[in-house]
Structures are given as C-alpha cells and as structure tokens.
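Have a look at the structure below before the remarks.
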Amino acid sequence: MGHEYSHSKEAPSIPHPFLSFPKIKQGSKQRFSSPQKVDTYEFYALSDGLKRIYTAADALPGHGVRRILSPDEVSYMNLFINGMLQPRQSYQVSKEKLVIRTEDIPAKGAPIILQMILVKSF
C-alpha cells in the first residue's frame, strides 16, 4: 500500500552566486576619508497623554541627559515616539524645550526619545 516516487528526473541545477568586485587600475588614486567623530546625546521621557511640551523636568532619571540641547549646539536631531522616527515638521526644539506639533498627542506611557548628534571635525 505504499506509494513509490519516481526519481528519474534529475534535480535542476542551482547556479552558484556570482560576486563581482570592481577592478582598480594601477596608478589610480583613491580618496578615502576618515570617519568623523560624533557625540550622541539622548533625552528620554514618557508621555503623560496630555501635554505637547517637554522640558528637563520631564526627563527620566538615570537615562541619557537630563536636558534638551539647543539646535545650535548640535549637528542634527531625531525624535522617536514609541520607537517610530518622527518627521522633522512634527516637532520643534529650542534650548531646554521640545514641542510636539502633531494633531494628536502621544498615548500615555509612550516613550519619547530626542536624539541629539554632534559631528566633530578632526
């Protein structure tokens, strides 16, 4: 009562991956730049479900810096609410203040992380 399977057909051949590396001509000059040094600071807070403005008083103790740097002090900033990167037009940062400009307010307990990055030149 068993079924017999015919293995008369050969398994199709699977091509091996082909990796191609660019060839550099002898005597050509390559420009390599060293990575830049960056300092990263994070401001952590939790939404209370009511407010749009956050200051150092809202910082979570023991996490990141307890202040909001001025945009003039850093190279760029990113805001994450509940782990999602927010578009730049949805928030405004000034020295010691983060204002959320969206129509709705983050849900109570949602983590708010303002990442502040300073690129230093060597």
Side-chain angles (χ1 to χ4, degrees):
M1 275 187 101
H3 295 289
E4 290 189 31
Y5 296 98
S6 172
H7 295 290
S8 61
K9 293 184 180 178
E10 290 185 27
S13 66
I14 299 172
H16 296 286
F18 178 73
L19 298 176
S20 175
F21 296 99
K23 295 189 190 284
I24 300 173
K25 293 180 183 179
Q26 286 285 352
S28 65
K29 293 183 181 182
Q30 297 295 314
R31 294 183 62 192
F32 295 99
S33 61
S34 300
Q36 294 187 343
K37 178 163 175 42
V38 297
D39 287 332
T40 304
Y41 307 96
E42 292 90 16
F43 170 83
Y44 293 89
L46 290 177
S47 172
D48 65 358
L50 302 172
K51 64 182 171 183
R52 297 179 183 282
I53 299 174
Y54 292 85
T55 65
D58 300 303
L60 288 176
H63 295 84
V65 295
R66 294 189 52 98
R67 60 186 285 242
I68 298 170
L69 301 173
S70 165
D72 297 333
E73 297 177 78
V74 297
S75 303
Y76 58 96
M77 298 181 173
N78 294 312
L79 178 65
F80 297 87
I81 298 178
N82 208 18
M84 299 297 294
L85 179 63
Q86 301 300 304
R88 182 66 185 108
Q89 62 272 20
S90 70
Y91 63 98
Q92 180 180 359
V93 178
S94 59
K95 187 170 181 88
E96 300 302 333
K97 185 164 64 171
L98 165 65
V99 178
I100 298 174
R101 301 172 71 191
T102 57
E103 190 174 308
D104 50 350
I105 295 173
K108 183 176 181 176
I112 297 170
I113 304 168
L114 180 64
Q115 181 184 52
M116 300 162 278
I117 300 169
L118 174 60
V119 178
K120 296 180 174 183
S121 58
F122 285 98

Practice item. Kindly determine whether Ile105 and Arg52 satisfy side chain to side chain contact (heavy atoms under 4.5 Å, CB included), including the steps that lead there. Key: CA-CA 7 Å; Ile105 295 173; Arg52 297 179 183 282; 3.8 Å; yes

Check your understanding: OH of Tyr44 to CG of Leu60: how many Å apart, nearest 0.5 Å?
Key -> 9.5 Å

Review point. Among Arg88, Glu42, Gln115, which residue meets the side chain to side chain donor-acceptor pair (under 3.5 Å) test with Asn78?
Key: Gln115

Practice item. State, to 0.1 Å, how close Tyr91 and Met77 come at their nearest heavy-atom pair, and which atoms those are. Key: OH-O, 3.4 Å

Review point. Does the side chain of Pro111 come within less than 4.5 Å of Ile81's, by heavy atoms?
Key: no

Point to revise | Closest approach of Arg66 to Ala56 (non-hydrogen atoms, all atoms of both residues) | key: O-CB, 2.9 Å

Review point. Would Val65 and Leu79 show up in the same hydrophobic cluster when neighbours are defined by side-chain heavy atoms closer than 4.5 Å?
Key: yes

Review point. Lys95 and Pro71: which non-hydrogen atoms are nearest, and at how many Å?
Key: N-CD, 4.5 Å

Revision key, fill the gap. On a heavy-atom basis, the closest approach of Ser94 and Ile68 is O-CG2, 3.9 Å

Review point. Does Thr55 reach the main-chain N or O of Glu96 with its side chain, forming a donor-acceptor pair under 3.5 Å?
Key: no

Check your understanding: Does the side chain of Met116 reach to within under 4.5 Å of the side chain of Val93, using non-hydrogen atoms?
Key -> no

Practice item. To the nearest 0.5 angstrom, please state how far the OG1 atom of Thr102 sits from the CD atom of Gln86. Key: 7.0 Å

Review point. Is it the case that more than 12 heavy atoms not belonging to Lys97 sit under 6.0 Å from its NZ atom?
Key: no

Check your understanding: If you measure from NZ on Lys37 to CG on Leu118, what distance do you get to the nearest 0.5 Å?
Key -> 9.5 Å

Check your understanding: Where do Tyr54 and Ile100 come nearest, in terms of heavy atoms and distance?
Key -> CE1-CD1, 3.8 Å

Review point. What do the steps show when you test Phe43 against Ile112 for side chain to side chain contact (heavy atoms under 4.5 Å, CB included), and what is the final call?
Key: CA-CA 8 Å; Phe43 170 83; Ile112 297 170; 5.5 Å; no

Practice item. Please answer: with hydrophobic residues joined when any side-chain heavy atoms are less than 4.5 Å apart, are Leu98 and Val74 in the same cluster? Key: yes

